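Heads up: the structure comes next, in structure tokens.
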Amino acid sequence: MSKTISALQKARAAYKPKLPPALANGANVEVKEGAPTKSVADQDKVKALFPNTYGIPELTFSATAKGEAKAVTAGVILSGGQAPGGHNVIAGLFDGLKSLNKNSRLFGFLGGPGGLVDNKYVEITPEFIDQYRNTGGFDIIGSGRTKLETHEQFDKGLENCRKLGITALVIIGGDDSNTNACLLAEYYLAKNAGVQVIGCPKTIDGDLKNEQIETSFGFDTACRVYSELIGNIQRDANSAKKYWHFIKLMGRSASHIGLECALQTHPNVALISEEVAAKKQTLDEIISYIASIVAARSAKGDNFGVALIPEGLVEFVPEIKKLISELNDILAHHDAEFKEIHDTESRFKALSKYLTAESCKVFGSLPGSIQDQLTNERDPHGNVQVSLIETEKLLAQLVSKKLKEVKKAGTFAGKFSSQVHFLGYEGRCAAPSNFDADYCYSLGFNAAALIGAGKSGYMSSVRNLIKPASEWTAGGIPITMMMNIERRHGEDKPVIKKALVELDAAPFKAFAKNRETWAVETDYVYPGPIQYFGPSEVCDAVTKTLELEHCKCSCSCNCK
Ligand code: FBP
């Protein structure tokens, strides 16, 4: 931790995150059990794989005056990509454990799930945690993408927990990490190992949500940072009036971030991957769509604009999806041959031997830099890393090409000049908004309540989030409830169902209702930076997505 901290960080350290009323007297809560539960799909298969954690009831907490409980020693792990608010989950967990009993202890495993297996840890003390309250980042203990999935890893983890006297683990992660948290909970229950496992919903991507989990933490802050930057770019575009800005937004497969930022900023174009897939839009159709908006604005004298592009777009365009899948196979089976070929042209020649005629044509139509990105980089599972494909450049180049063609045909007489941006890392470690600071602290404190109640295989759940924190509810959701069976690397696996953008849900409908106006008009909204102090409507607002999904009002927020 740096010795010099900013004035904002200093002031922010004093912020006391709000808790739901159920946790107001500490983590030693009254537990109400609901009816037995079942998984979202494939019930028989999921039940067979999770005999100890399937069917357990949903839990709802209420405050008691029970006072002190037994001291607990717990471990915490940050898993996967950074998301604003992770430090507050740990702060809430720490305070929650201490509220159970002041002799409770918390260890943080270092560098993600790998730290549990390799026994790399730090004890979290009051002085240590105080430096990180309400700050962004995961640097308190670091994160990592090691998957906890083998029995060997589980046994090693258990051995390390026993050395430290740990009887509960909290895993803060996305859908895959929480799936693995449930596998770990099941394994330890089956072994009667005496180690509880609790999950916390994290990811800026916003794709870990369902009937029970209203949102993952970090989505709010990340979208606010990106929306501030998009607003700034829009204002620049509207001032200079000479550039079209193509902005790619992080978010992996799902387009929740792009959709939320569009609702916050009203850009001229916002592509939604899920819609592209549903309508089976080809790359050429997407390019023609953007070019038509450029031309329509140009006809009004506006040779500028802003287009938002979701990170995972290329995987949803049918012909590129097919091409990527063929490339994945070819590169996996002919690794040695392609390792030796470094120039783009020879690579294309060699690939054309294996690609289908259709994919070969698509590949050939792409700029050389994109061909390289599609063939060079593979993640440890052999998949293309979408965040490394410069889709924003690809679209800008192809739109430019298309406009030159239409200019020749006489249907476009304007100018087109583009700038490209990728917004991702700018938002993942931002200081959490008041919403994320409160939500994260509550999730962590609530995880301590689940530990105090002796539960395992649950995800910490705080709900009713569009209301003030004084109306939030707290409890636990069985992780098995969120699971289905999916084919992964040739095998049937139980996994938490990923939430993609739903085209018949309120957020997309609100966007679709307005996009034609936003395309041609310059109706930009400039959200400005996150505010931590000031009027509640400026500092405590929730995302448009959350509001639209959960608002039950008869339209005062213009949601339906
Ligand atoms: P998680 O799913 O682990 O929360 O990570 C989210 C994310 O930020 C994605 O939006 C992005 O595609 C990915 O991480 C990039 O990860 P990395 O920086 O490890 O390449």
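Only a predicted model underlies this, so the values are computations on that prediction, with no experimental measurement involved. As the structure lists them, so they are numbered: ligands from 1, and atoms in each ligand from 1.
- Looking at Ser273 and Ser255, their side chains do bring a donor and an acceptor atom within 3.5 Å of each other.
- For the pair Arg428 and Tyr425, the cation-pi test (distance below 6.0 Å, angle within 45°) is failed.
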Indicate every side-chain donor-acceptor pair of residues 110-122 with a distance under 3.5 Å to a residue at least two apart or in another chain.
none

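- Taking the six-membered ring where the residue is Trp, the centroids of His151 and Tyr187 are separated by under 6.0 Å.
- Judged by the 6.0 Å distance and 45° axis criteria, Lys202 is not positioned over the aromatic ring of Phe217.
- Defined by atom type and a distance below 3.5 Å, a donor-acceptor pair is present between the side-chain atoms of Asn88 and Asn134.
- Using a 4.0 Å heavy-atom criterion, the residues that approach ligand 1 are Gly80, Gly81, Arg145, Lys202, Thr203, Ile204, Asp205, Met250, Gly251, Arg252, Glu311, Tyr425, Arg428.
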